[in-house]
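Heads up, the thing below is written out as structure tokens.
If you're wondering where the values come from, they're calculated on a predicted model, not measured in any experiment.
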Amino acid sequence: MTRTTFARTPLARRAMPRPGRTALLAASVSLFGLAALAQDAVVEKWVDEEFQPSALSRDEQIAEMEWFRQAAEPFKGMTINVVSEVAPTHAYESQTLTKAFEEITGIKVTHDLLQEGDVIEKLQTQLQSGQNVYDAYVNDSDLIGTHFRYGWTVALDDYMAGEGADVTSPTLDLDDFMGLAFTKSPDGKLYMLPDQQFANLYWFRHDLFSREDLKARFKEKYGYDLGVPVNWSAYEDIADFFTNDVKEVDGKVIYGHMDYGKKDASLGWRYTDAWFSMAGSGDRGLPNGVPVDEWGIRMEGCHPTGSSIERGGDINGPAAVYALETSIRWLKEFAPAEAQGMTFYEYTPVPTNGSVAQQAFWYTIFLADYVKEGVAVINEDGTPKWRVAPSPHGAYWQDGMKLGYQDVGSWLLLNNTEADRRKAAWLYAQFVTSKTVDVKKSHVGLTFIRDSTVRHESFTERAPNLGGIVEFYRSPARESWTPTGVNVPDYPKLSQLWWSNISTAISGETTVQQALDNLADAQDRVMERLERANVQAVCGPRLNPKTSAEEWYARAEADGNLAPQRKLENEKPQGETIAYEDLLAAWAEGKVRP
């Protein structure tokens, strides 16, 4: 007779002495109590031993983790699969936070790390096949225009208010996320949750810029002070000065610029990541130009209408031509000769050897490598010889335009993932971005997503060793650095056109104008196919007919817009610089510049 059958027998129940039943009940209560105590100990262990420092108090951390434990109860024992690109932040999540999440919630997470292109390939496979490859993706918010148009992804606002309400943390605090505006679609809904973000900023050797002998030589030649360049004219003067006048520092060759130019997929990032908006191509507007963005794509309403200047776009207009011509000239005249044959990953570590005086376009994702003990650009006391500052802008740039790029890797949920797996993955996404863990995670990866994190006292203490990154993220300047926006209707299809066309101008196979005409034509042809196939659920392309550049110049001027702009008579105005210390003072006062 089984225990269950025995318990159902009235005679048997009457035969059991009451003291025995009381003892069993007491034992059960004791076991439940021990289990609860064990779970409490697990939470306290992670909070005390790993999740310090934090923007929350210890009691608040424990309460937040207790919520995750209870919300995950229906999914205990489940194994889910998520993926992100390779980065120190994601390595910490994959190696440490998955263990914490499993011990606290009982949900096992396999967090794969792949190269960015492989992440997109897996994502496309799942979208096209309908099969669930991963339960959640950390994907660049650059694809926001793609995701909401195809209708494959979950609108998080709707999810948190509906199906996912029971697994949405009451302490998520969306207003604390710095990059939330970058992950919203034209309908105003949130589609992605930021997990890590980094900017491309101006990088320079503060120690060299502070040398009185070099300052005097620069002032004598150019008539203004050596300092942080405000415009491209000053950046070019500084590049020329170090490359051709200074030439050597402490017996080592010094260059005034660093970049890369090899025909490779990474070459496209050099330009899609806001290089054209830095020059002044596109329109005013944050986070992206309206109606024309930095990809040169015009959007009317929510529909892309073309990227060629003859359709009202700006990717082959005078500002874009100036941008590409300038970058190629700087690469060839002021950077090491071998830079022309380098890819993104090959050129990135070069300034750490001390041979580069400044760089217009430096990604803060590599911050951890630039503050390592023993590298040539770190002082013996651990402070950096370098600093970061806002990027200089080109001759076509005007106030109100974006000034640089921020990469915002963000959590994405798909419609074709099973509901329970999606809920478990959403819990993990919130866990790794929670206030309980975010300060510690940011100390590891240095990719800030929360305002409360970057303002935490531990980063005030660490700021002198981080070269201005903390000050930048605490300043209003951070709002002018934004990812690719919603004008781009299909990022994977369009982004591959950039490097293949721009490389022809770098190699000399075509002129810059021809390369950008070809790029404009290629982008418009992709958008024409999307329009004809009618494959996008909402807001697909509706291309304008081709007319003339003159017609669009006149229309932009009449409407008070910038793009497309006519060619300027003077593309190299007077150079302008500011002192780095004055810049920091302005940030402290809540200003972008003095």
Side-chain angles (χ1 to χ4, degrees), residues 232-233 235-236 239-240 257 259-282 292-298 306-335 337-344 347 360-361 393-397 494-528 546-553 556 562-573:
W232 281 10
S233 298
Y235 183 89
E236 183 170 316
D240 182 44
H257 176 62
D259 207 343
Y260 65 101
K262 185 175 182 179
K263 185 176 183 180
D264 175 82
S266 66
L267 183 62
W269 309 339
R270 178 65 180 82
Y271 296 96
T272 59
D273 289 356
W275 182 251
F276 288 88
S277 66
M278 289 166 63
S281 178
V292 182
D293 72 352
E294 69 275 14
W295 284 49
I297 297 176
R298 174 175 289 270
S307 61
S308 66
I309 195 171
E310 294 82 9
R311 298 183 195 271
D314 201 21
I315 202 55
N316 57 338
V321 171
Y322 156 79
L324 183 54
E325 283 180 343
T326 300
S327 71
I328 294 173
R329 180 163 51 80
W330 287 354
L331 173 66
K332 294 182 177 180
E333 292 182 6
F334 306 126
E338 58 269 24
Q340 297 176 47
M342 288 182 173
T343 66
F344 173 78
Y347 106 107
F361 203 86
H393 59 72
Y396 290 82
W397 187 90
L494 293 174
S495 62
Q496 63 184 342
L497 305 175
W498 283 64
W499 65 274
S500 55
N501 283 287
I502 286 174
S503 64
T504 65
I506 295 176
S507 67
E509 297 171 53
T510 65
T511 65
V512 166
Q513 184 69 66
Q514 288 170 336
L516 293 179
D517 286 344
N518 293 339
L519 174 58
D521 182 61
Q523 285 201 140
D524 286 351
R525 280 188 280 112
V526 168
M527 289 191 282
E528 281 179 329
K546 276 192 171 185
T547 55
S548 68
E550 179 58 37
E551 180 175 327
W552 285 102
Y553 292 145
L562 293 179
Q565 294 185 64
R566 301 177 190 274
K567 183 175 175 61
L568 294 174
E569 291 185 8
N570 178 19
E571 292 182 335
K572 196 182 180 213

- Would you call the rings of Tyr396 and Tyr322 parallel, tilted or perpendicular, where under 30° means parallel and over 60° means perpendicular? tilted
- Query: Without hydrogens or angle criteria, can the side chains of Thr547 and Trp552 be said to hold a donor-acceptor pair below 3.5 Å?
  - Reply: yes
- Item | Gap separating the CG atom of Asn518 from the OG1 atom of Thr504, nearest 0.5 angstrom | 6.5 Å
- Go through Ile328 and Val512 one step at a time and tell me if the side chain to side chain contact (heavy atoms under 4.5 Å, CB included) criterion holds. CA-CA 9 Å; Ile328 294 173; Val512 166; 4.0 Å; yes
- Query: Of Trp269, Phe361, Tyr260, which meets ring-ring contact (aromatic ring centres under 6.0 Å, His included) against Tyr347?
  - Reply: Tyr260
- Calculate, to the nearest 0.5 Å, the distance between atoms CD and OG belonging to Gln523 and Ser307 respectively. 4.0 Å
- Query: Between atom OH of Tyr271 and atom CD1 of Ile315, what is the distance when rounded to the nearest 0.5 Å?
  - Reply: 11.5 Å
- Message: As an exercise, state the distance from CD of Glu310 to OG of Ser308, rounded to the nearest 0.5 Å.
- Response: 4.5 Å
- Do the numbers put Arg270 on top of the ring of Trp275, so that NZ or CZ is under 6.0 Å from the six-membered ring centre and no more than 45° off the axis? yes
- Message: I'd like to know if Lys263 pairs up with Glu509 as an ion pair, taking the criterion as any Lys NZ or Arg NE/NH1/NH2 lying under 4.0 Å from an Asp or Glu carboxylate oxygen.
- Response: no
- Query: Is a salt bridge present between Arg311 and Glu528, judged by a nitrogen-to-oxygen distance below 4.0 Å?
  - Reply: yes
- Shortest non-hydrogen contact between Ala395 and Pro573, atoms and distance: CB-CD, 4.2 Å
- For the atom pair OG (Ser495) and CH2 (Trp295), what is the distance rounded to the nearest 0.5 Å? 5.0 Å
- Please step through side chain to side chain contact (heavy atoms under 4.5 Å, CB included) for the pair Leu519 and Asn316, ending with a clear verdict. CA-CA 8 Å; Leu519 174 58; Asn316 57 338; over 6 Å; no
- Message: Before you tell me yes or no, could you show the steps for Phe276 and Leu516 under side chain to side chain contact (heavy atoms under 4.5 Å, CB included), namely the whole-Å CA-CA distance, both residues' side-chain angles and the distance that decides it to 0.1 Å?
- Response: CA-CA 12 Å; Phe276 288 88; Leu516 293 179; 4.2 Å; yes
- Item | Smallest separation among heavy atoms of Leu267 and Gly261, with atom names | CD1-CA, 4.0 Å
- Message: Please evaluate residues Asp259 and Trp330 with respect to the criterion side chain to side chain contact (heavy atoms under 4.5 Å, CB included), reporting the C-alpha separation (whole Å), side-chain torsions for both, the decisive distance (0.1 Å), and the verdict.
- Response: CA-CA 8 Å; Asp259 207 343; Trp330 287 354; over 6 Å; no
- Message: Please report the interatomic distance NZ(Lys262) to OG(Ser507), rounded to the nearest 0.5 Å.
- Response: 14.0 Å
- Task: Go through Ser281 and Asp314 one step at a time and tell me if the side chain to side chain donor-acceptor pair (under 3.5 Å) criterion holds.
- Result: CA-CA 7 Å; Ser281 178; Asp314 201 21; 3.2 Å; yes
- Query: Which pair of non-hydrogen atoms, one from Gly317 and one from Ile309, has the smallest distance, and what is that distance?
  - Reply: CA-CD1, 3.7 Å
